[in-house]
Amino acid sequence: MDLSMLNPQQRLAASTLEGPVLILAGAGSGKTRALTYRAANLMDQGVAPWRILCLTFTNKAAREMKQRITALVGEKADDAWISTFHSTCARILRRDIEKLGYGRSFAIYDDEDQNSVVKEILKQQDIDDKFLPPREVRSKISDAKNRLLTADEWFAGSDRDHRCQLIHDVFTAYEKRLKELNALDFDDLLIRTLELFAQHPPVLQSYRERFQYVMVDEYQDTNYAQYMLVKLLTSESRNLCVVGDDDQSIYGWRGADIRNILDFEKDFPETTVIKLEQNYRSSANILDAANQVIAHNERRKDKRLWTDSDQGEPISVYCADTERGEAGWVVSRIKLFHGQGIPYSQMAVLYRVNAQSRVLEEMLMSTAAPKIPYRVFGGTRFYERREIRDIVAYLRVLENPADDMALMRIINVPKRAIGDSTVQELVRHARRQEIPLFSTLAVPPETLSSRPRKCVAEFAGLMAKLLVLKDTMGLTDFVEELLKLTGLQAQYENISAEDAESRLENIREFVGAVHEFEEANPEAKLADYLENVSLVTDVDSLSEDGGYVTLMTMHSAKGLEFDTVFITGMEEGLFPSSRTATDEQRLEEERRLCYVGITRAKRKLCLTRAYQRTIYNTPNHNAASRFLEEIPKRLVKDEAAARDRAFRDLTPARAPQPTAGKTPLRPGDPLSIPGVQKGFAASPARVMAAQAKPQFKVGDRVIHRKFGEGIVTAITGAGLAGRIRIEFIALGEKEFALSLAPIAKLEDDA
DNA sequence: GACCATTTATTTTTT
DNA sequence: ATAAATGGTC
């Protein structure tokens, strides 16, 4: 294997094949490259590809690694297992889960399914879901599972109060119910695999012998269960290579344990430690900023990322009046940069919470032509849409008839007169007989009166028909047939509801996705597709040259890079989130998240915030994020300053002031008290009207208080009757009264 | 059993 | 503000 393309550390990483290896890889240091070369090198040295296991966190990372290894060694890379922890476990379980008393066609439950189960149990046990919100129960269960605790063990280590007792009871019932449903939640995929290994040593042994070489990407994000899995698999071969960066550990809230990477050398004393510290991604300014921010963390391994690339451009910091202004500025910059030749696909807007995407999306949509192509990742995923979930629920029931949750969802969708009372009767019957709800369809209870009985029988007939078709048709054809036979499609075709059209569109898109999947995996069965639905996220489908601007959370952006990155909402309370303010450890995680965000940028980084942000319909005034303050001023260019200067120059010495004699506090000033200051500044229009305007001429670059930057396209009339037309970068052309418009001339700074 | 109106929670990040 | 959940009515 030709390793001459690598730097000395990368080369060392790619050529240290035996024994435990810890690669500490800073952001942008070429760790994927080192890993892929290492895998290729292994194969080159005669290790059979099927003896290699690579574990990642996202399908995208897995896919990318697979592609890159294939590029180096060709087709034989196909025999290596390169996939996410969850898919790997699902694959192992599909083979042997019957040993644990589950059926092979187990369902994988997502949050919403989990929620339904918890709710069902709360109802059953007569617990008020206001006293014990399902959310909380779920998170407690997940926490416990991540630490490999059973309900009993969890309770023993808890406060042991009444509340914990209730949680324990729900937890216990939840586990029992999931098994009845022949379903596994996300955590179960790992746990049950470990259980399989623990209870059936020969199974473990076979995988141990098979996987002589194990590699783990993003090791800093592993939780205890994942740690155990890796440890179990490699305890004999000792050939474990992990790559990670403690500074990029951002999944602590999901049970990731940063100690896994910090203590790796303790776990494996004979470890070879390799540090990748040269960053190839970002300009010196960006890297400097990232380093300065992360240096504020106490708990980290000491390392110095360096680069020999140019200083690059200063980091833009922009403070807008409101979140709309913030979004407007981002949109205008995207247009500007695009005009300068940066492709849309090389720009990303990152934020802390998904909810922030909305304003951005509104602005992007309302912008004047040329429209900016964009794609929002995360948030409500495609498969979470109602009409899609309905189809998937049908498929799930057909694959796994024990899945009561899915059946309940579709038993009366589309409406077929099987109402609540009928369903309840069926459920009671199923409980008594201890059979799945599905089984009651064919043999409903005697007590059911004739009309509902007929409806149920008809539904049972439909499902029976589908069951036959399922095994005789191709996947895509089957789905099309299902849409017809069930009336799911007709449901939206006949109705003129305003959202019917988009739902139909989604359904068509779903069929397209199934088709695509079938093309890519001709052998695939329904079970495989369902697994894909459960484990694949939309971020996995991000493509490098999609020609669109990417909008996503900083969490989702981990592992990605863009020429230009915007990070919005750089405000205390939002980022870092107010929930982390009291806890130093969680605050450090927020800072790491900031580090991840900053280091996504190659050449241009723009950080924005808003003086006033409306959350829940309530205006908030947030101070600048501490992370913003942690970036040295010498690296920063304050974009708002140019705008403010333009306004200040126009403000007369004795402008009307809200508070006589005193400089008014502006929200965002260190002294301002949140909630006291209402708006941004007092009636700018009035201030402007009070004094003479500079002469505008066609072609001038101007800035408008509300609409942002624009170019003067026409001036008509004079004096009080004067009108001015401005073409705004983001929002198109608008006309104003010359004497009133809150506009200012802008010096050229681009 | 279906539909409409009122109420209520939602905001951390995701495999 | 919005979307889901509940409850009451036809």
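Owing to the predicted nature of the structure, the values given are computational and were not obtained by experimental measurement. Note that these values count all heavy atoms, side chains included, but never hydrogens, waters or copies made by symmetry. So you know, we letter chains A, B, ... as the sequences are listed, proteins then strands, and number each from 1.
For the OP1/OP2 pair of B:dG1 and a distance below 4.0 Å, the side-chain nitrogens and oxygens of A:Thr422 include at least one atom meeting the criterion. Under 4.0 angstrom from either OP1 or OP2 of B:dG1 there lies at least one side-chain N or O belonging to A:Ser421.
A:Glu218 is linked by a salt bridge (Lys or Arg N to Asp or Glu O under 4.0 Å) to A:Lys31, A:Lys558, counting only residues two or more places apart in sequence or in another chain. Remark: A:Ser87 engages A:Thr84 in a side chain to side chain donor-acceptor pair (under 3.5 Å) (not counting sequence neighbours). Residues satisfying the side-chain contact (heavy atoms from CB on, under 4.5 Å) test with A:Met228, not counting sequence neighbours, are A:Leu148, A:Leu194, A:Tyr224. Under the salt bridge (Lys or Arg N to Asp or Glu O under 4.0 Å) criterion, A:Glu361 pairs with no residue, sequence neighbours left out. With sequence neighbours excluded, the residues forming a salt bridge (Lys or Arg N to Asp or Glu O under 4.0 Å) with A:Asp257 are A:Arg259, listed by chain and number. Evaluation of the side-chain contact (heavy atoms from CB on, under 4.5 Å) rule for A:Val539 yields A:Phe377, A:Thr537, A:Met552, A:Ser556 as partners, not counting sequence neighbours. Applying the salt bridge (Lys or Arg N to Asp or Glu O under 4.0 Å) rule to A:Lys140 yields the partners A:Glu136; only residues at least two apart in sequence or on another chain are considered.
No engagement by A:Arg451 is indicated, since no non-hydrogen atom pair under 4.0 Å with the nucleic acid exists. Among the protein residues, A:Phe186 comes within range of the nucleic acid bases, having at least one heavy atom under 4.0 Å from a base atom. Contact annotation for A:Phe85: no contact, since no heavy-atom pair falls under 4.0 Å across all strands. Nucleic acid contact for A:Leu593: none, since no nucleic acid atom lies under 4.0 Å from a heavy atom of the residue.
When each of A:Val539 and A:Glu590 is assigned the nucleotide of DNA chain B bearing its nearest heavy atom, the one mapping closer to the 5' terminus is A:Glu590.
Atoms CG (A:Asp540) and C1' (B:dT14) sit 11 Å apart, rounded to a whole Å. At whole-Å resolution of the value, CZ in A:Arg579 and P in B:dT11 are 9 Å apart. When the P atom of B:dT13 is taken as reference, atom CD1 of A:Ile250 falls 13 Å away, rounded to whole Å. A:Leu55 places its CG atom 13 Å from the C1' atom of B:dT15, with the value rounded to the nearest Å. In this structure, the NE2 atom of A:His555 is 9 Å from the P atom of B:dT13, given to the nearest Å. A:Asp110 places its CG atom 12 Å from the P atom of B:dT15, with the value rounded to the nearest Å. Atom-to-atom, CD of A:Glu571 to C1' of B:dT11 comes out at 14 Å; the value is rounded to the nearest Å. Across the protein-nucleic acid pair, A:Tyr383 atom OH and B:dT14 atom P stand 18 Å apart, rounded to whole Å.
Between B:dT11, B:dT15, B:dT13, one nucleotide has an atom nearer to the side chain of A:Thr58 than all others, and that is B:dT15. The side chain of A:Ser556 approaches B:dT14 more closely than any other nucleotide in the set B:dT13, B:dT14, B:dG1. Closest contact between the side chain of A:Thr537 and the listed nucleotides B:dT15, B:dT13, B:dT11 involves B:dT15. Distances from the side chain of A:Asn354 to the nucleotides B:dT11, B:dT15, B:dT13 place B:dT13 closest.
A cation-pi contact, defined as under 6.0 Å to the ring centre and within 45° of the axis, links A:Arg254 to A:Tyr251. A cation-pi geometry, defined here as NZ or CZ lying under 6.0 Å from the six-membered ring centre and within 45° of its normal, holds between A:Arg163 and A:Phe131.
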Restricting to nitrogen or oxygen on both sides, can you table the protein-nucleotides 2-4 of chain B pairs closer than 3.5 Å?
from, atom 1, to, atom 2, distance (Å)
B:dA2, OP1, A:Ala417, N, 3.4
B:dA2, OP2, A:Asn412, ND2, 3.3

Dump the pairs, protein N or O against N or O of nucleotides 5-10 of chain B, anything under 3.5 Å, distances to one decimal.
from, atom 1, to, atom 2, distance (Å)
B:dT10, N1, A:Tyr616, OH, 2.9

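Panel note: side chain A:Asn412, backbone A:Lys415; no donor-acceptor pair is recorded below 3.5 Å. Put simply, the side chain of A:Asp540 gets close to the backbone of A:Lys60: a donor and an acceptor are under 3.5 Å apart.
Taking every nucleotide of DNA chain C with any atom under 4.0 Å from a non-hydrogen atom of chain A, the first and last of them, 5' to 3', are C:dA1 to C:dA5.
Using a 4.5 Å heavy-atom cutoff, the side chains of A:Leu488 and A:Glu387 are not in contact. Residues A:Thr582 and A:Leu587 are not in side-chain contact: their nearest non-hydrogen atoms beyond the backbone lie 4.5 Å or more apart.
Legend: salt bridge (charged side-chain N to carboxylate O under 4.0 Å, His left out) pairs involving residues 118-128 of chain A, not counting sequence neighbours, sorted by first then second residue: A:Glu120-A:Arg177, A:Glu120-A:Arg431.
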Problem - Dot-bracket encoding per residue of DNA chain B, Watson-Crick/G-U cut-off under 3.5 Å, | denoting interstrand - result: ||||||||||.....

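A stacking contact links A:Trp253 to B:dT13: the aromatic ring centre lies within less than 5.5 Å of the base's six-membered ring centre, and the planes differ by less than 30°.
Using a cut-off of 4.0 Å between Lys/Arg side-chain N and Asp/Glu carboxylate O, A:Arg396 and A:Glu399 are scored as not salt-bridged.
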